[in-house]
Amino acid sequence: MAETLSDRYNSADVEGRIYQWWESSGFFKAHDRSTKPPFCIILPPPNVTGFLHMGHALDHTIQDLLIRWKRMNGYNALWLPGTDHAGIATQTVVEKELKKQGTNRHQLGRDAFIEKVWDWKHQYGDRIYAQMRRLGDSCDWDRAVFTLDENVSKAVRKVFVSLHKKGWIYKGLRLVNWSAPLESAISDLEVEHKQTKGTLWHINYPLEDGSGFLTIATTRPETMLGDTAVCVNPEDPRYKHLIGMGVTVPLINRKVTIIADTYVDKEFGSGVVKITPAHDFNDFRIGKTHGLEFINILNRNGTLNENAGAYQGMKVADARKKVVEDLKSLNLLVKEEPHALSVGHCSRTDAVVEPFLSEQWFVKTEHLAVPAKRVVESGTIRFEPESWTKVYLHWMNNIEDWCISRQLWWGHRIPAWTCGKCEHVTVSETDPAACEKCGDTNLKQDDDVLDTWFSSALWPFSTMGWPEETETQKTFYPTNYLVTAPDIIFFWVARMIMMGLEFKRDVPFRTVYLHGIVRDSQGRKMSKSLGNSLDPVELIEKYGADALRFSLIAHLYSGKDIKVSEQRIEGYRNFMNKIWNATRFALQNLSDFTAPSEGVKALPDKANMSSFDRWIIFKLAEVEKAVEEALESDRFSDAAQALYHFVWGQFCDWYIEFMKPIMNGDNAAERRTSQLVLAQVLNRVVRLMHPFCPFITEEIHSKLPIKGEACIVDQFPNTRNDKDFLAFGNEQSAFEVDLVKETITAIRNIRGENRLSPALKIRIRLGVTEDSVQKILGTNKSALMTMGRLEDIEIGVEGDLRKCAVALVTVKESTVKVIIPLEGLVDFDEEIKRMRKTIEKLEKDIGLLTNKLSNEKFVQNADEEVVAADRLLLSQSKVQLTSMREALTRFQ
RNA sequence: AGGGGCUUAGCUCAGUUGGUAGAGCGCCACCCUUACAAGGUGGAUGUCGUCGGUUCGAUCCCGGCAGCCCCUACCA
């Protein structure tokens, strides 16, 4: 007894139940030891603070598609999930909580604060996993890792110590990007440059000998409090004679020297630059080469310090105003002009980044970069789309040392201890009891933690148990795909490659698949401030996870950003419903069908197959081929589109319609054969679609008469493993059915254009010359009658064309003349219009083709096939034109 | 400034070896035809950004121009 399905697919009834069943059945589990070939993707770990957003939805859908596809292909597929402690983000979240409670981290103290963060993590850290389950992510959850897990911390320390030993991690006093709200250094990559309208102030610095002033130009007047030189171009005739002389920095009244450096552009501003080595990256370099003094005028919180004299305690912005005012009143401000410049902002807090002199830890990247470049150049690691290769290599060629220390509390604390006695720094994997140099036990661990990306860089192997040698690594490292957005190529991808090569002596992954950003329907980035973010979970609740997944995949074109709108998702929700209803049709018509014992291997009875059966199998073979080729070449949207068109445009629109007369007909043998084909094709449709829309396909699969254990672990059909069944499709049937389809379309076209009511059954004649075509039409008479809504049909009889609508159907080299007497049904205006339109089109085509074919050079140079095809088309068009003209005259 | 990308139907985009332009949505008309109105049938819509070159032939290849976007780096 067949099950009864509701006429609408209700995703909410299905998804939770199906997911739970998958998970409890252990279908997501991969195995450390297996005879199956391995396939592995490491999930880019979302922040523990995070909620699933559309970017994740896209990223995860791609990964889940790959994992499910490979799993169905018999791979030991591992999708390894994890979350990132996200130093800054998480600390900020918890600090906000504390603020609400009227306290802060400094009041709590470091240990108590960290405990609070852990509390928060335990309470909320897994909520993103719950959201991922809503999407259908088939991760091996038992392996989930957190970046602060004991093992990962062990890996981090081992890597730190090892690189330190090699001299590739060092501590240095450097100018770093400083985020005042965070009171921490941030890396170059965390700085966002924004174009801003600034001001260029021209300021007079009195010359030492009292002979006048030197005018400098600056956009940041407040930093003059830290000036330790002014600089001119050595070739500048205006200032050449002043080099070596002293000037006084106003307000702070510091005497500094005029130095010369080619860095200064004579053309810009006044041609004189103030040098503030402690607060500007270029000035820092000059300060180093000229041996200048470095005066730091800032506190860690972004206010001015004691070196700023009267301005101490002010914020930078306030100090700037005050400095300008004071200069004005001293008559030292020459002029101010508007000046566009780009200003670095902290990507986390949006605060203006201050160059700040401080002691930080760095990774020396020079040596790590060499092999990391080579593996990409050699193609061992492939970027998709390929164009990112260039970007990667360009960056690697210009790579700077990586500032890895952060002045935060939440993260991996730097494993370095300073001796209270001899000040020697002991770097060690385990907490040392005593200074390795003098043996003193008065040790103090470095306060800083590591950049979050430091642990992320080790992710492909730290998640697999490294530094222990584990079976997991032996089986799954290197992994196959890394799927992410291109904005973290440098933050993350490059660093994983460097660390993987250094510590595993092998690449971390083979293919880096880079997808675009999800934007709103107008192409804007989704952001909280714009309020245009779509929440994937809400969309899932409204349209179902499958609809969301399918619409993301269907519009994913090679690395481009994708614009999503609810309307679009709704369209794919409708598609899901279409599949659902096709299943309802099938099940209704399979109620008396007994599943063969051979299951999916059962083959149809050759003798009783209809041409429609052969045709749909032929089309199935095409789509299986297209899907496999598309997936193999990372063209996921092509696969999705091919399936969409097959399922809707062929299976539903035609095959099911063709089945109706057969299912209701009295040829029992034919019916039984078609039932088997219907059941087999639907079984394949569901398997083919599963990686794209897992929930509905699993649900349908469970109701099919022919099915495997579970769709998720069933075999993915391709032209090899499905060869025996696909062999029943053939091109001759495809031609036959195409001829029938085209004829039906021509009838419908005439009906539509002439506004013949669908309820009106009409009589038609089909003019054919070839016996074979006549035979085909005869065999398919019932389909033509039903789908053309006919009362009667005469095949092979042209008869009198007076007052008849005529349309010509050409498939390959065969032609069918569709003739519909209109006398008494309609006035002929519409039909005359329709025929004139056809004639005009034919005349135009014939003109073009005639021109082309009478061009000797075309006939000589073009491929023979192209010329032959055009010749055929021309002769067919001419025949059609004659017929249509003749038919038209019959109206007049 | 350097690097990359984009410009095709009202909208979002396909178009992989150069041979008379496609899809989805939207639009118009007709239809509740028992799988599905979250549906069916039919229809309209494009000098493929612009100028030139190569070619018998260019949406596709090459060059100039215009417009939009992204990334990287920055002039105090």
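The chains referred to below are lettered A, B, ... by the order of the sequence lines, with proteins before strands, and numbering in each begins at 1. Worth saying up front: this structure is predicted, and the values here are computed from it rather than measured.
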query: What pairs with A:E400 under salt bridge (charged side-chain N to carboxylate O under 4.0 Å, His left out), at least two apart in sequence or on another chain?
result: none
message: According to ring-ring contact (aromatic ring centres under 6.0 Å, His included), who are the partners of A:Y572, at least two apart in sequence or on a separate chain?
response: A:F550, A:H555, A:Y644
- request: Taking ring-ring contact (aromatic ring centres under 6.0 Å, His included) as the test, write out the residues that go with A:F646, two or more places apart.
  value: none
- prompt: Where along residues 745-759 of chain A does a heavy atom fall under 4.0 Å from RNA chain B?
  reply: A:T745, A:R748, A:N749, A:E753, A:R755, A:P758
All pairs passing side chain to side chain donor-acceptor pair (under 3.5 Å) where residues 856-878 of chain A contributes a residue, at least two apart: A:K852-A:D870
message: Students often get this wrong, so: under 4.0 angstrom with heavy atoms, is A:W648 touching a base, only sugar-phosphate, or nothing?
response: sugar-phosphate
- prompt: Given Watson-Crick or G-U pairs with both distances under 3.5 Å, what dot-bracket string fits RNA chain B, with | for other-strand pairs and [ ] for crossing?
  reply: (((((((..((((.....[..)))).(((((.......))))).....(((((..]....))))))))))))....
query: Which residues satisfy the salt bridge (charged side-chain N to carboxylate O under 4.0 Å, His left out) test with A:K390, sequence neighbours excluded?
result: none
Polar atom pairs between nucleotides 19-23 of chain B and protein, under 3.5 Å, N or O only, would you list them?
unit_1, atom_1, unit_2, atom_2, d
B:A23, O2', A:H645, NE2, 3.3

message: Please classify the nucleic acid contact of A:E566 as base, sugar-phosphate, or nothing, using heavy-atom distances under 4.0 Å.
response: nothing
- line: By ring-ring contact (aromatic ring centres under 6.0 Å, His included), A:W580 pairs with (sequence neighbours left out) A:Y9
- prompt: What are the two closest heavy atoms between A:I616 and A:F651, and how far apart are they?
  reply: CD1-CA, 4.0 Å
Touch class at under 4.0 angstrom, heavy-atom based, for A:K578 against every strand present: base
task: Return the set of residues passing side-chain contact (heavy atoms from CB on, under 4.5 Å) with A:S637 (not counting sequence neighbours), or none when no residue passes.
output: A:Y557
query: Which heavy atom of A:V324 sits nearest a heavy atom of A:P221, and at what distance?
result: CG2-CG, 3.8 Å
- prompt: Which part of the nucleic acid, if any, lies within reach of A:T218 when heavy atoms closer than 4.0 Å are counted: base, sugar-phosphate only, or nothing?
  reply: sugar-phosphate
task: Look at the side chain of A:R789 and the base of B:U41, then say whether one donor and one acceptor between them are separated by less than 3.5 Å.
output: no
- request: Could you pull out all residues at least two apart from A:D561 that satisfy salt bridge (charged side-chain N to carboxylate O under 4.0 Å, His left out)?
  value: A:R519
- prompt: Can you tell which of B:A76, B:A35, B:A14 lies closest to the side chain of A:Y557?
  reply: B:A14
Let me check something: any side-chain donor-acceptor pairs from residues 268-276 of chain A under 3.5 Å, sequence neighbours excluded? List them with distances.
unit_1, atom_1, unit_2, atom_2, d
A:S270, OG, A:T215, O, 2.6
A:S270, OG, A:V272, N, 3.4
A:K274, NZ, A:T223, OG1, 2.6
A:K274, NZ, A:D227, OD1, 3.0
A:K274, NZ, A:T276, OG1, 2.8
A:T276, OG1, A:D227, OD1, 2.7

- prompt: How would you label the contact of A:D638 with the nucleic acid (heavy atoms, under 4.0 Å): base, sugar-phosphate, or nothing?
  reply: base
message: Regarding A:C231, tell me which of base, sugar-phosphate or nothing describes its non-hydrogen contacts under 4.0 Å with the strands shown.
response: nothing
task: Give the nucleotide from the list B:G39, B:A76, B:A35 with an atom nearest to the side chain of A:N581.
output: B:A35
message: Need one value for A:R635: base, sugar-phosphate or nothing, where a base atom within 4.0 Å counts as base even if backbone is also close, heavy atoms only.
response: base
